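Working notes, structure below.
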Amino acid sequence: MRVAVIVPAAGSGHRFGAGDKLASDFGGRPVLLRSVEPFTKRDEVDAIIVAGPPDDLESFRDRYGAPLGFLGGTVVEGGRRDRWETVLRALEAVPEGCTHVAIHDGARPLLDDELVDRVFEAGRTRAAVIPGVPLRDTLKKCGAELFEAAERDATVDAILGLDDDGAAGDILGGEDDGESQAPPPGHQVAAREVQETVSRESLYRVQTPQLFEIELLRRAYAQSDLEGATDDAMLVERLGEPVTLVEGDERNLKITTQQDLEIARALGGIRGDGGRPSHKRF
Ligand code: C5P
């Protein structure tokens with residue numbers, strides 16, 4: 001098995017808020033490099049292709065080109081909007097001779113060797129392998145409408161300028177009459193109506209790395225409609241081909257929000273850095 005690793009790292013990270021999540025310090029190195037490192041010491045890996053943001057590729061190269069080169073990685077241009085566009089572009093850079101492609105999110109810095117072992121071992125006999133963990137929480141389907149559910153008292157109503165039936169237009173982003181003040185902290189609870197409980201039986205949260213025989217992955221990405229794919233296995237499923245799930249790792253979380261970064265640092269026993277990107281710390 002000769003593996004090319006693709007690391008999508010072209011996302012805008014808008015759900016992260018201020019700052020660049022991939023550049024955030026993760027124990028002395030940026031999140032992105034931590035996500036790449038587990039692959040650098042594996043014999044099966046021939047190439048590591050990191051796909052950066054097309055609108056900011058020069059600064060991405062300035063920031064990561066040298067350390068990634070040191071780890072044996074190369075930078076290519078990713079896609080502007082969707083993750084699948086990024087993978088589609090990166091596939092063109094897979095060198096000849098590779099039999100498999102592993103795809104791992106650039107925002108998963110807590111990948112451990114045992115998980116890579118499991119995925120790669122299964123990949124010797126299965127054409128598409130993904131890691132996943134069972135859902136443990138109870139699942140509810142909720143209505144799309146958001147409403148205010150905080151208990152109100154007359155004083156708060158007066159401060160908020162609400163009428164007798166407690167019309168909560170201001171709190172919920174309704175029209176501003178220009179007079180009411182912002183609600184005091186602690187008096188807003190955005191809520192939704194529960195519609196039904198969804199069975200969690202047989203449901204898994206899926207992670208990366210996902211490993212594919214290269215011909216199967218190329219076929220999956222050659223389909224005319226790639227819209228809506230949030231992971232790579234989904235496109236293999238659209239072909240009607242089987243996908244095998246192996247045990248994932250609860251710690252292997254994807255950093256999407258600031259809170260995810262805090263949780264990941266805690267899981268990794270890593271202290272925060274006050275939000276300063278690691279490439280600017282010296
Ligand atoms: O958007 P999501 O959280 O699913 O992104 C997962 C990974 O895909 C991240 O590492 C992100 O940088 C990457 N991505 C990408 N190109 C995009 C969108 C997301 O490489 N256009």
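Every number for a ligand or one of its atoms is a count from 1 in the order of the listing. Here the structure is a predicted model, which is why all the values come from computation and not from measurement.
- Close approach of ligand 1 to Ala107 (heavy-atom distance below 4.0 Å) involves ligand atoms 10 (O).
- Arg265 forms no cation-pi arrangement with Phe26, by the criterion of a distance under 6.0 Å to the ring centre and an angle within 45° of the ring axis.
- The closest protein non-hydrogen atom to atom 20 (O) of ligand 1 is Ala10 N, 2.8 Å.
- When the heavy atoms of Pro54, Ala9, Pro8 are ranked by distance to atom 9 (C) of ligand 1, first place goes to Pro8.
- Atom 19 (C) of ligand 1 has as its closest protein heavy atom Gly11 CA, 3.5 Å.
- Inclusion of Gly79 in the set of residues having an N or O under 3.5 Å from an N or O of ligand 1 is warranted.
- Of the N or O atoms in Asp82, one or more lie within a sub-3.5 Å distance of an N or O in ligand 1.
- With respect to Arg124 and Glu213, no salt bridge is recorded, no charged nitrogen being found less than 4.0 Å from a carboxylate O.
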- Query: Is there a side-chain contact (heavy atoms from CB on, under 4.5 Å) between Arg219 and Leu239 once you walk through the steps?
  - Reply: CA-CA 8 Å; Arg219 216 153 42 86; Leu239 285 175; 4.1 Å; yes
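- A donor-acceptor pair shorter than 3.5 Å cannot be found between the side chains of Asp249 and Gln207.
- Closest to atom 1 (O) of ligand 1, if we only count protein heavy atoms, is Arg15 NH2, 3.3 Å.
- The closest protein non-hydrogen atom to atom 7 (C) of ligand 1 is Asp105 OD1, 3.5 Å.
- Taking every heavy atom of Gly106 and a limit of under 4.0 angstrom, the matching atoms of ligand 1 come to 10 (O).
- Nearest protein heavy-atom neighbour of atom 5 (O) of ligand 1: Lys254 NZ, 4.3 Å.
- Inclusion of Thr86 in the set of residues having an N or O under 3.5 Å from an N or O of ligand 1 is warranted.
- For Arg118, the CZ atom is densely surrounded, since the number of other residues' heavy atoms within 6.0 Å is greater than 12.
- Thr40 places a side-chain heavy atom less than 4.5 Å from the side chain of Ile48.
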- Message: As a quick check of understanding, evaluate ring pair (Phe, Tyr, Trp, His ring centres under 6.0 Å) for His100 and Phe212, giving each step before the final call.
- Response: CA-CA 5 Å; His100 291 74; Phe212 306 93; 9.7 Å; no
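- Linking Ile, Leu, Val, Met, Phe, Trp and Tyr residues whenever their side-chain heavy atoms come within less than 4.5 Å leaves Val206 and Met234 in two separate clusters.
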